[in-house]
Protein chains: 2
Amino acid sequence: MDKEAFFHKLVTFTTAVHEVTFDLTKDVRPEGITPVQYSILEYIAVSQPVTLSQISDCKNISMPNTSRELKKLTEKNLCEKLDVAEDRRKQMIRLSDAGQAMMNKAFEQIGERFLERIKDSSTEELEEISRALDVLHSKVFNSGE
Amino acid sequence: MDKEAFFHKLVTFTTAVHEVTFDLTKDVRPEGITPVQYSILEYIAVSQPVTLSQISDCKNISMPNTSRELKKLTEKNLCEKLDVAEDRRKQMIRLSDAGQAMMNKAFEQIGERFLERIKDSSTEELEEISRALDVLHSKVFNSGE
DNA sequence: CGATTTTGTTATCAAATGATAATTAAAGAG
DNA sequence: CTCTTTAATTATCATTTGATAACAAAATCG
């Protein structure tokens with residue numbers, strides 16, 4: 001298969017992934033939370049506890065802007081800052097109970113929509129999908145490292 | 001495999017896809033083009049000719065805002081509006097020569113980065129990846145319909 | 001034909017985001 | 001101990017984006 005066609009296939013695929021994730025996640029964002037804030041909360045939920053710099057790096061948001069958004073989230077009692085004993089410049093950030101509850105609810109909705117989407121797949125097909133995810137994750141979409 | 005783990009796997013995967021596409025496409029956006037404008041140009045490039053409503057629907061941008069951004073792009077001579085004979089309300093939009101050249105260049109850069117990313121894969125692995133793309137595209141990320 | 005729907009435009013406003021400079025405090029290097 | 005680097009904050013500004021209302025013209029429906 002020629003590179004050109006392969007590349008086109010990948011572009012089409014990533015576009016589809018973006019569209020589907022948009023569909024799965026639309027409307028789950030709670031009132032009063034901006035898109036950027038939600039994406040930060042999502043990141044914290046998955047990787048907590050994290051430092052401010054980590055959020056800044058991974059989400060490609062400058063430190064000042066990360067600090068600003070995190071301050072707003074903290075004021076809304078959605079996350080907490082914990083001092084780090086070894087390095088007193090750093091702060092570990094994690095979701096508060098309220099923030100955790102909020103994100104659980106959001107993930108639950110997304111999960112339901114996802115299950116709806118694969119509900120017609122047999123056990124064998126799910127296995128196949130799972131293997132496909134492994135292949136692509138390890139051979140193409142391996143961001144880490 | 002339980003649903004919970006399956007869902008988690010998918011979340012991790014889509015996150016990776018987003019990160020990788022960000023890496024592949026960062027810095028390719030030409031000077032003076034905003035992110036939203038670039039995403040519109042990308043969509044036109046792949047699907048041209050398209051109507052304004054199609055752009056609005058597919059990119060989830062309201063008609064007024066789509067119209068505004070398209071006007072700016074037209075003023076920059078990056079795309080053209082063609083009248084439709086059968087329905088004089090509609091306009092078909094496509095890239096101008098300059099716009100096409102610009103997007104070709106952008107896609108070329110992305111293509112190079114992509115090839116770099118899969119350069120260590122054998123022919124068999126590429127076949128495997130291709131099949132995995134087909135599986136996921138048809139069974140999970142099938143946005144159309 | 002008249003009413004309604006579709007397609008697109010213009011204008012305007014508010015909110016979200018991005019970018020930068022200046023500052024603080026702690027850690028680490030020499 | 002001084003100098004430099006790292007982590008984070010605050011303040012400020014311009015740009016981008018989203019949202020809404022009001023409008024116009026063509027198509028479609030009954």
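A note on names: the letters A, B, ... follow the listed sequences, proteins ahead of strands, and every chain is numbered from 1.
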Specify the separation, in whole Å, of atom [atom1] of [X] and atom [atom2] of [N].
X	N	atom1	atom2	value
B/Ile61	C/dG8	CD1	C1'	15 Å
A/Met63	D/dA11	CE	P	17 Å
A/Lys72	C/dA15	NZ	C1'	9 Å
B/Leu52	D/dA26	CG	C1'	16 Å
A/Ile55	D/dA8	CD1	C1'	12 Å
B/Lys71	C/dT7	NZ	P	22 Å
A/Leu73	C/dA16	CG	P	12 Å
B/Glu69	C/dG8	CD	C1'	15 Å

*asked:* Applying salt bridge (charged side-chain N to carboxylate O under 4.0 Å, His left out) to B/Asp134 and A/Lys9, what does each step give before you reach the verdict?
replied: CA-CA 9 Å; B/Asp134 289 336; A/Lys9 194 173 206 169; 3.1 Å; yes

Which heavy atom of [X] sits nearest a heavy atom of [Y], and at what distance?
X	Y	value
A/Ile110	A/Leu24	CG1-O, 3.8 Å
A/Ser53	A/Met63	CA-SD, 3.9 Å
A/Lys76	A/Gly32	NZ-O, 2.7 Å

*Check each residue of residues 30-43 of chain A for a non-hydrogen atom within less than 4.0 Å of any atom in DNA chain D, then write out the ones that pass by number, or none.*
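Per residue number, the list is empty: none.
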
_Trace of the salt bridge (charged side-chain N to carboxylate O under 4.0 Å, His left out) decision for B/Lys72 with B/Glu69_ = CA-CA 5 Å; B/Lys72 291 179 192 165; B/Glu69 297 310 319; 3.5 Å; yes

*asked:* Using a heavy-atom cut-off of 4.0 Å across all strands, would you classify A/Lys81 as base, sugar-phosphate, or nothing?
replied: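 A/Lys81: backbone/sugar contact only, no base atoms under 4.0 Å.
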
*Looking for any heavy atom pair under 4.0 Å, which part of the strands does B/Gln91 touch: base, sugar-phosphate only, or nothing?*
sugar-phosphate

*A/Thr51 side chain: which of D/dT9, D/dA8, C/dT10 is closest?*
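Shortest atom-to-atom distance from the side chain points to D/dA8.
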
*Are A/Val140 and B/Leu115 linked, directly or through other ILVMFWY residues, by side chains that come within less than 4.5 angstrom of each other?*
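Cluster IDs for A/Val140 and B/Leu115 match.
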
_Worked verdict on A/Glu116 versus A/Lys119 for salt bridge (charged side-chain N to carboxylate O under 4.0 Å, His left out)_ = CA-CA 5 Å; A/Glu116 177 65 19; A/Lys119 73 170 189 303; 3.3 Å; yes

*Starting at the 5' end of nucleotides 19-30 of chain C, put B wherever the base has a protein heavy atom under 4.0 Å, S where only the sugar-phosphate does, and a dash everywhere else.*
BBB----BS---

*Qualifying side chain to side chain donor-acceptor pair (under 3.5 Å) pairs, either residue in residues 95-112 of chain B, two or more places apart*: B/Gln48-B/Gln100, B/Gln100-B/Asn104

*Does the pair A/Val28 and A/Tyr38 meet the rule for a side chain to side chain contact (heavy atoms under 4.5 Å, CB included), with working shown?*
CA-CA 10 Å; A/Val28 306; A/Tyr38 178 78; 3.5 Å; yes

